[in-house]
Amino acid sequence: MRTCILSREESPREGLIRLALSPDGDVLPDIRAKAPGRGAWIGVARAELETALAKGKLRGALSRAFKTQDIRIPDDLGARIEAQLQRNVLDRLGLEAKAGHVTIGGERLDKAARSGKLHLLLHASDASEDGAGKLAQAWRVGSDMEGSGRKGLTLPIPRTILSLALGRENVVHAGLIDAKAAKRVSEALDRWLHFIGPDPTPRPCETGSQGASAFPPSGSQNTTNSTEGL
């Protein structure tokens, strides 16, 4: 467990973002939490981070966490964090694809969904509603969840970027067919989408009465932007 330096709320470290201090005193995002030395953890969305930066609250919190006033916070810290979180998700998708845990193509996705083998469904931002809807319906049927709101997640990236991540051409929809792989991708997605905030895209699996986990328990419902739909 780690404590967010801004909200003071405790969360598992996997759900937070680590900031590290370079030898030159620059505050830099350390998304994979690998940098040496003292770190500071944040769990707020980008808008809250940038408000705290503008008001000087972030500087004070970081100075206390790093135990020094000699720090430099880049003006584009929020953009840097967002870029690294997106890169982390795309890298994870690429690794799972190489391991054979990702399936693409309408027919193959439909078959995996209806046979109960689909664990996560994702759509590119420029996917058609009709195509996404048909796959979501097949997924609900295969999961014995007809009548639920379970849908795939529409990612805040177009098919060109999704295709590059998976090393294939024109990937509009993708699905994870391994439960553990789906969980790994979902965890990376949760951090990214939470930091982006609700304006670019809702967090995964979020409804009025449900938390924002990208890897929902059996029987849970998902909005159109749930992480169930690679």
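This one's a predicted model, so the numbers in the text were calculated from it and none came from an experiment. We use all heavy atoms of the structure for the numbers below, so side chains are in, but hydrogens, waters and symmetry mates are not. For the single chain, residues carry numbers from 1 onward in sequence order.
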What are the two closest heavy atoms between [X] and [Y], and how far apart are they?
| X | Y | answer |
| --- | --- | --- |
| Val102 | Leu93 | CG2-O, 4.3 Å |
| Ala188 | Val89 | O-CG2, 3.5 Å |
| Leu176 | Ala182 | CD1-CA, 3.8 Å |
| Gly106 | Leu135 | O-CD2, 4.0 Å |
| Asp30 | Ala35 | OD2-N, 3.0 Å |
| Ala65 | Arg38 | O-CD, 2.6 Å |

Side chains of [X] and [Y]: does their closest heavy-atom pair fall under 4.5 Å?
| X | Y | value |
| --- | --- | --- |
| His123 | Val172 | no |
| Lys34 | Arg18 | no |
| Arg13 | Met1 | no |
| Asp26 | Leu21 | no |
| Pro29 | Leu85 | no |
| Cys4 | Arg8 | no |
| Lys183 | His119 | no |
| Leu16 | Arg2 | yes |

Heavy-atom neighbours of Asn170 CG exceed 12 at 6.0 Å: yes
Residue pair Arg72, Val27: steps toward the side chain to side chain contact (heavy atoms under 4.5 Å, CB included) verdict: CA-CA 6 Å; Arg72 288 189 298 274; Val27 176; over 6 Å; no
Do [X] side-chain atoms and [Y] backbone N/O form a donor-acceptor pair below 3.5 Å?
| X | Y | answer |
| --- | --- | --- |
| Asp178 | Lys180 | yes |
| Trp139 | Leu118 | yes |
| Glu48 | Ala45 | yes |
| Arg92 | Arg184 | no |
| Ser148 | Met145 | yes |
| Thr154 | Ser125 | no |

CA sep, side-chain torsions, deciding dist, call: Leu19, Leu28, side chain to side chain contact (heavy atoms under 4.5 Å, CB included): CA-CA 6 Å; Leu19 301 177; Leu28 302 172; over 6 Å; no
Derivation and outcome, side chain to side chain contact (heavy atoms under 4.5 Å, CB included), residues Phe195 and Leu49: CA-CA 9 Å; Phe195 186 73; Leu49 176 74; 3.9 Å; yes
Any side-chain donor near an acceptor of the partner, Gln84 and Arg87, under 3.5 Å: no
Carboxylate-amine/guanidinium contact [X] [Y], below 4.0 Å:
| X | Y | answer |
| --- | --- | --- |
| Arg46 | Glu50 | yes |
| Arg191 | Glu187 | no |
| Arg32 | Asp91 | yes |

[atom1] of [X] to [atom2] of [Y]: how many Å apart, nearest 0.5 Å?
| X | Y | atom1 | atom2 | result |
| --- | --- | --- | --- | --- |
| Gln86 | Ile31 | CD | CD1 | 12.0 Å |
| Leu155 | His173 | CG | NE2 | 11.5 Å |
| Glu169 | Leu166 | CD | CG | 12.5 Å |
| Ile157 | Trp192 | CD1 | CH2 | 5.0 Å |
| Leu77 | Leu58 | CG | CG | 6.5 Å |
| Ile17 | Ser11 | CD1 | OG | 11.0 Å |

Worked verdict on Asp126 versus Thr160 for side chain to side chain contact (heavy atoms under 4.5 Å, CB included): CA-CA 10 Å; Asp126 51 352; Thr160 51; over 6 Å; no
